[in-house]
**Student:** 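One structure, pasted below without further comment.
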Amino acid sequence: MPLCGALTKVRPNHFNDLSIAMRLSQYFLPTLKENPSEAQIVSHRLMLRAGMIRQSSAGIYSWLPMGLRVLRKIEQIVREEQDRAGCQELLMPTIQPAELWQQSGRYDDYGKEMLRIQDRHGRDMLYGPTNEEQITEIVKSEIQSYKDMPKMLYHIQWKFRDEVRPRFGIMRGREFLMKDAYSFDMDYESSKRAYNKMFVAYLRTYDRLGLKAIPMRADTGPIGGDLSHEFLVLAETGESGVFVHKDVLDFEIPSDDVDYESDLQPIVDKWTSLYAATDEKHDESAEAELGDQLLNARGIEVGHIFHFGTKYSEPMGATVTDQNGDEVALQMGSYGIGVSRLIGAIIEASHDDGGIIWPESVAPYKIGLINLKSGDADCDAACDKLYKDFNAAGIETLYDDTAERAGAKFNNMDLIGLPWQVVIGPRGLKNGMAEVKNRATGEKEEIAIDQLLAKFS
RNA sequence: CGGGGAGUAGCGCAGCCUGGUAGCGCACGUGCUUUGGGUGCAUGGGGUCGCAGGUUCAAAUCCUGUCUCCCCGACCA
């Protein structure tokens, strides 16, 4: 469908709209001064301290308003890029019938990671760890002719994998939010085009999230071939070692007017032309060959795309009639992004001793407005006006109107990690000035209060 | 699933060895104080010591069992 690229820019998304403004005195934001003892890695600690999540049981979390807000933002960027690539959103259930998995043969194979449950009639059900069977069933039932092919479908849904050992907070939970897309094609060549679309969409998605993500050759599973890549985000605290030709870091991200119907192979070829491997697949000989071109870093896996041919379509009978009237088993691929895990990855990649440093695209609010002297008539008036103006201009603002001391407010705002802090205090106010701090760089500058709106619009 | 550690106030911890009915810091309430990087003083509230048995006149403390959480490893988005 050639329309797919054009639709996304003004895509209304009412159910995902987020409120623009919030007063801290009214916000449910339970921040912690001290580190909870159970949290080991920095993203877990900061998510707990910044009041984003609370643990319910091992690997299962509640999302508090601040955390949910970031989750929604990430989800929305993922959604926009999937839509742009021509992938269509649907929503499949979390609970699936066991029969579906018996058909594919995975019901017995999957093991204890699959949470199995029974309904009141004793019918075997399961909490989906993934959705290949479910989507295959849908396409099988609804598509009979090559004329309705190809199709790319995705959903963003909670999954459950009963990990033996959940850890690292949200990064390795049992319950997690995932975008999974599935492609259906008549032949391998067509399937490869779908794969390339997702490849490009992934590059764009991670870039928009403020991340350096690098595609790396991954295990090809049962099919073989070269259509399988993992996307690793570079972060010092990453779980796996990565070895990358350093020029990969400077490769160009496809722009937002990429034509997804054009031949994307050159982009994919470019991005896979230089050496990039996780430590598991690292080839020692490449190390010598690359010399000082080689970057040895650490990474977090945040996405995986792969082609698996007829692995599910065949056993489940998902066939379509081709031009000759023959029944053909569909060529399939699946494309995952760990949405909730991405929050952890972003924090791992972007924080300092003071707390989180949100990239602007996913920051819960753009501006933290700090009233240094709540209760002071002039400070209150100046802040109220700014707050209203920002609000009217659609600038997301969290207004710290509490009676805390200055130091407490600064530290708390640093912890939360909003990109900009606008500080109003009696001292600057006398001259009509505010202090603006860039959270990422730490730079502070004095700006006239009446110019703030222009700066942030 | 193998190996290790921990459950005492919302959070971080002490007390346990050598039983006598619970304490410190932060947070919270109140009053004063202070006000540009987590003020200071005073005062107050809050805990079936994970749970269940057992030993004992008496158990946070000793014994047995059990549940949960965390860490290392194997596995994974």
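Residue numbering restarts at 1 for every chain, and letters A, B, ... go by the order of the sequence lines. All of these numbers come straight from a predicted model, not from anything done at the bench.
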**Student:** What orientation do Phe306(A) and His304(A) show, parallel under 30°, tilted 30 to 60°, or perpendicular over 60°?
**Tutor:**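 Geometry flag for His304(A) against Phe306(A): tilted rings.
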**Student:** Please tell me which of Met178(A) and Arg49(A) maps to the more 5' nucleotide of RNA chain B, matching each residue to the nucleotide holding its nearest heavy atom.
**Tutor:**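 Going by which nucleotide is closer to the 5' end, it is Arg49(A).
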**Student:** Rounded to the nearest Å, what distance is computed from the CZ atom of residue Arg167(A) to the P atom of nucleotide A74(B)?
**Tutor:**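 Rounding to the nearest Å, CZ of Arg167(A) and P of A74(B) are 9 Å apart.
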**Student:** To the nearest Å, how far apart are Phe306(A) CZ and C76(B) P?
**Tutor:**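 So the two atoms are 12 Å apart, to the nearest Å.
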**Student:** In terms of ring plane angle, is the pair Tyr182(A) and His155(A) parallel, tilted or perpendicular, where the classes change at 30° and 60°?
**Tutor:**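 If you compare the ring of Tyr182(A) with that of His155(A), the planes turn out tilted.
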**Student:** Across the strands shown, which category fits Leu32(A) at heavy-atom distances under 4.0 angstrom: base, sugar-phosphate, nothing?
**Tutor:**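 Touches nothing.
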**Student:** May I ask you to evaluate whether Lys33(A) reaches the phosphate of C26(B), defined as a side-chain N or O under 4.0 Å from OP1 or OP2?
**Tutor:**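 Checking C26(B) against Lys33(A), no side-chain N or O comes under 4.0 Å of OP1 or OP2.
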**Student:** Need one value for Ala408(A): base, sugar-phosphate or nothing, where a base atom within 4.0 Å counts as base even if backbone is also close, heavy atoms only.
**Tutor:**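 Base, at least one base heavy atom under 4.0 Å.
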**Student:** Check whether more than 12 heavy atoms from other residues, nucleotides or ligands sit under 6.0 Å from atom NZ of Lys281(A), and answer yes or no.
**Tutor:**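 Correct, the count exceeds 12.
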**Student:** At 4.0 Å (heavy atoms only), tell me whether Glu163(A) reaches a base, stays on the sugar-phosphate, or touches nothing.
**Tutor:**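 The answer is base, as Glu163(A) lies within the cut-off (heavy atoms under 4.0 Å) of a base atom.
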**Student:** Could you list by number each residue of residues 332-347 of chain A showing a heavy-atom separation from RNA chain B of less than 4.0 Å, or answer none if no residue does?
**Tutor:**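 By residue number: Arg341(A).
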**Student:** Given U35(B), is OP1 or OP2 found less than 4.0 Å from the side-chain N or O atoms of Arg405(A)?
**Tutor:**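 No, Arg405(A) has no side-chain N/O under 4.0 Å of OP1/OP2 on U35(B).
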**Student:** Taking only the C1' atom of each, what is the distance from A42(B) to U33(B) in whole angstrom?
**Tutor:**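 It comes out at 11 Å once rounded to the nearest Å.
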**Student:** Should the pair Arg116(A) and Tyr110(A) be classed as cation-pi, given the thresholds of under 6.0 Å to the six-membered ring centre and 45° from the axis?
**Tutor:**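 No - Arg116(A) does not lie over the ring of Tyr110(A) by the 6.0 Å and 45° rule.
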**Student:** Using the P atoms only, state how far C67(B) lies from A74(B), rounded to an integer number of Å.
**Tutor:**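 Approximately 27 Å lies between the P atom of A74(B) and that of C67(B).
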**Student:** Against Thr130(A), only a single residue in Glu132(A), Gln134(A), Glu133(A) fulfils side chain to side chain donor-acceptor pair (under 3.5 Å); can you say which?
**Tutor:**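 Going through Glu132(A), Gln134(A), Glu133(A) one by one, the side chain to side chain donor-acceptor pair (under 3.5 Å) with Thr130(A) is satisfied by Glu132(A) alone.
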**Student:** Could you tell me how far apart Leu64(A) (CG) and C11(B) (P) are, to the nearest whole angstrom?
**Tutor:**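 After rounding, the gap between these two atoms is 14 Å.
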**Student:** When rounded to the nearest Å, what value does the distance between P atoms of G50(B) and U43(B) take?
**Tutor:**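 To the nearest whole Å, 31 Å.
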**Student:** Pick the C1' atom in C75(B) and in G2(B), then give their distance to the nearest Å.
**Tutor:**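 Rounded to whole Å, the distance is 13 Å.
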**Student:** Under a 3.5 Å cut-off for both distances, is U18(B) Watson-Crick or wobble paired, and to whom?
**Tutor:**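 Checking every strand shown, U18(B) finds no partner, since no pair has both distances under 3.5 Å.
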**Student:** Go through C1(B), C75(B), G37(B) for me and flag the one nearest to the Val164(A) side chain.
**Tutor:**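 For the Val164(A) side chain, the nearest candidate turns out to be C1(B).
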**Student:** Could you identify which residues of residues 426-434 of chain A place a heavy atom less than 4.0 Å from some atom of RNA chain B, listed by residue number, or say none?
**Tutor:**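 Under 4.0 Å from RNA chain B: Pro426(A), Arg427(A), Gly428(A).
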**Student:** Give one of base, sugar-phosphate or nothing for Gly173(A), where a contact means two heavy atoms less than 4.0 Å apart.
**Tutor:**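 Counting heavy atoms under 4.0 Å across all strands, the contact made by Gly173(A) includes a base.
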**Student:** NA contact type, Gln55(A), heavy-atom cut-off 4.0 Å: base, sugar-phosphate, or nothing?
**Tutor:**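 Sugar-phosphate contact only.
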**Student:** Name the nucleic acid region contacted by Ser57(A), choosing base, sugar-phosphate or nothing; use a 4.0 angstrom heavy-atom cut-off, strictly under.
**Tutor:**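 Sugar-phosphate, no base atom in range.
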**Student:** Could you tell me which residues satisfy side chain to side chain donor-acceptor pair (under 3.5 Å) with Ser273(A), sequence neighbours excluded, listed by chain and number?
**Tutor:**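 Side chain to side chain donor-acceptor pair (under 3.5 Å) check on Ser273(A) returns nothing, list empty.
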**Student:** Report the distance from atom CE of Met171(A) to atom C1' of C75(B), rounded to the nearest whole Å.
**Tutor:**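 In whole Å, C75(B) C1' lies 16 Å from Met171(A) CE.
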**Student:** Here's a test of your reading of the structure: between Leu177(A) and Lys112(A), which maps to the more 5' nucleotide of RNA chain B?
**Tutor:**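 Result: Lys112(A).
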**Student:** Asp401(A) has an atom CG; how far is it from atom C1' of U35(B), in whole Å?
**Tutor:**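 In whole Å, U35(B) C1' lies 17 Å from Asp401(A) CG.
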**Student:** When rounded to the nearest Å, what value does the distance between C1' atoms of U8(B) and A22(B) take?
**Tutor:**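 After rounding to an integer number of Å, I get 8 Å for this pair.
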**Student:** Distance check, C1' atoms only: U68(B) and A52(B), in whole angstrom units.
**Tutor:**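 About 14 Å, rounded to a whole number of Å.
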**Student:** Could you check if a side-chain atom of Glu137(A) sits within less than 4.5 angstrom of a side-chain atom of Gln96(A), using non-hydrogen atoms only?
**Tutor:**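 Side chain of Glu137(A) against side chain of Gln96(A), heavy atoms only: no contact under 4.5 Å found.
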**Student:** For the P atoms, the ones on C51(B) and on C11(B), what distance do you get once it is rounded to whole angstrom?
**Tutor:**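 These two P atoms come out 15 Å apart once rounded.
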**Student:** Does Lys73(A) count as lying over the ring of Trp358(A), i.e. NZ or CZ under 6.0 Å from the six-ring centre, within 45 degrees of the axis?
**Tutor:**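 Ring-cation test returns no.
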**Student:** Tell me the salt bridge (Lys or Arg N to Asp or Glu O under 4.0 Å) pairs involving residues 333-352 of chain A, sequence neighbours left out?
**Tutor:**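 Of all non-adjacent pairs touching residues 333-352 of chain A, those that pass salt bridge (Lys or Arg N to Asp or Glu O under 4.0 Å) are Glu239(A)-Arg341(A), Asp352(A)-Arg439(A).
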**Student:** So which nucleotide from G36(B), C11(B), C28(B) ends up closest to the side chain of Glu404(A)?
**Tutor:**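 Nearest nucleotide to the side chain: C28(B).
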**Student:** Considering only heavy atoms, which members of residues 36-47 of chain A lie under 4.0 Å from some atom of RNA chain B?
**Tutor:**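 Within this stretch, Pro36(A), Ser37(A), Glu38(A), Gln40(A) sit under 4.0 Å of the strand.
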**Student:** Does the side-chain ring of Phe176(A) sit on the six-membered ring of the A77(B) base, less than 5.5 Å centre to centre and under 30° in tilt?
**Tutor:**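 Phe176(A) vs A77(B): stacking yes.
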**Student:** Need the pair for A9(B). Rule: Watson-Crick or G-U wobble, both distances under 3.5 Å, any strand; none if unpaired.
**Tutor:**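 WC or wobble partner does not exist here.
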**Student:** Looking at C76(B), which nucleotide sits across from it as a Watson-Crick or G-U wobble partner, both distances under 3.5 angstrom, or is there none?
**Tutor:**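 Pair assignment: C76(B) / none.
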**Student:** Please state whether the rings of Tyr399(A) and Tyr387(A) are parallel, tilted or perpendicular, taking 30° and 60° as the class boundaries.
**Tutor:**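 Taking Tyr387(A) first and then Tyr399(A), their aromatic rings sit tilted (interplane angle of 30° to 60°).
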**Student:** Could you give the distance separating C63(B) and C26(B) at their P atoms, to the nearest angstrom?
**Tutor:**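 Comparing P positions in C26(B) and C63(B) gives a spacing of 35 Å.
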**Student:** Starting at atom CZ of Phe168(A), determine the distance to atom C1' of C76(B), rounded to an integer number of angstrom.
**Tutor:**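 Atom-to-atom, Phe168(A) to C76(B), this comes out as 12 Å.
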**Student:** Which base, if any, makes a Watson-Crick or G-U wobble pair with G44(B), both distances under 3.5 Å?
**Tutor:**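 Paired with G44(B), as far as the under-3.5 Å criterion goes, is C28(B).
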**Student:** Between G38(B), C11(B), A77(B), spot the one nearest the side chain of His304(A), thanks.
**Tutor:**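 For the His304(A) side chain, the nearest candidate turns out to be A77(B).
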**Student:** Judged by modelled atom types alone, do Ser183(A) and Tyr195(A) share a side-chain donor-acceptor pair under 3.5 Å?
**Tutor:**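 Distance-only check fails for Ser183(A) and Tyr195(A).
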**Student:** Could you tell me which non-hydrogen atom of Gln331(A) sits nearest to which non-hydrogen atom of Tyr188(A), and how far apart they are?
**Tutor:**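 Heavy atoms only, the tightest pair is CG-N, 3.9 Å.
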**Student:** Measure CG/Asp400(A) against C1'/G38(B) and give the value in whole Å, please.
**Tutor:**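 Those two atoms, CG and C1', are 13 Å apart.
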**Student:** Where does the angle between the aromatic ring planes of Phe308(A) and Tyr312(A) fall among parallel (under 30°), tilted (30 to 60°) and perpendicular (over 60°)?
**Tutor:**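 Phe308(A) vs Tyr312(A) ring planes: perpendicular.
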**Student:** Which part of the nucleic acid does Lys179(A) contact within heavy-atom distance under 4.0 Å: base, sugar-phosphate only, or nothing?
**Tutor:**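 Nothing, no nucleic acid heavy atom in range.
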**Student:** Name the pairing partner of U34(B), where a pair is Watson-Crick or G-U wobble with both distances under 3.5 Å, or state none.
**Tutor:**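 No nucleotide pairs with U34(B).
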**Student:** Has Arg165(A) got a side-chain N or O lying under 4.0 Å from the OP1 or OP2 atom of C71(B)?
**Tutor:**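 Affirmative; the distance criterion is met.
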**Student:** Does Asp283(A) have any side chain to side chain donor-acceptor pair (under 3.5 Å) partners at least two apart in sequence or in another chain, and if so, which?
**Tutor:**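 Applying side chain to side chain donor-acceptor pair (under 3.5 Å) to Asp283(A) gives Ser285(A).
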**Student:** So, under a plain 3.5 Å distance rule, would you say the side chain of Asp414(A) forms a donor-acceptor pair with the base of G37(B)?
**Tutor:**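 Looking at the base of G37(B), it does pair with a donor or acceptor on the side chain of Asp414(A) (distance under 3.5 Å).
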**Student:** Rounding to an integer number of Å, can you tell me how far Glu280(A) CD sits from C76(B) C1'?
**Tutor:**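 Going from CD in Glu280(A) over to C1' in C76(B) covers 10 Å.
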**Student:** Between C75(B), G37(B), C1(B), which nucleotide gets closest to the side-chain atoms of Lys444(A)?
**Tutor:**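 Looking only at heavy atoms from C-beta outward on Lys444(A), the closest nucleotide is G37(B).
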**Student:** Testing the 3.5 Å rule here: is there a donor-acceptor pair between the side chains of Glu175(A) and Trp158(A)?
**Tutor:**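 Looking only at side-chain atoms, Trp158(A) and Glu175(A) do not form any donor-acceptor pair under 3.5 Å.
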**Student:** In terms of the angle between their ring planes, are His282(A) and Phe243(A) parallel, tilted or perpendicular, with boundaries placed at 30° and 60°?
**Tutor:**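 Rings of His282(A) and Phe243(A): parallel, under 30°.
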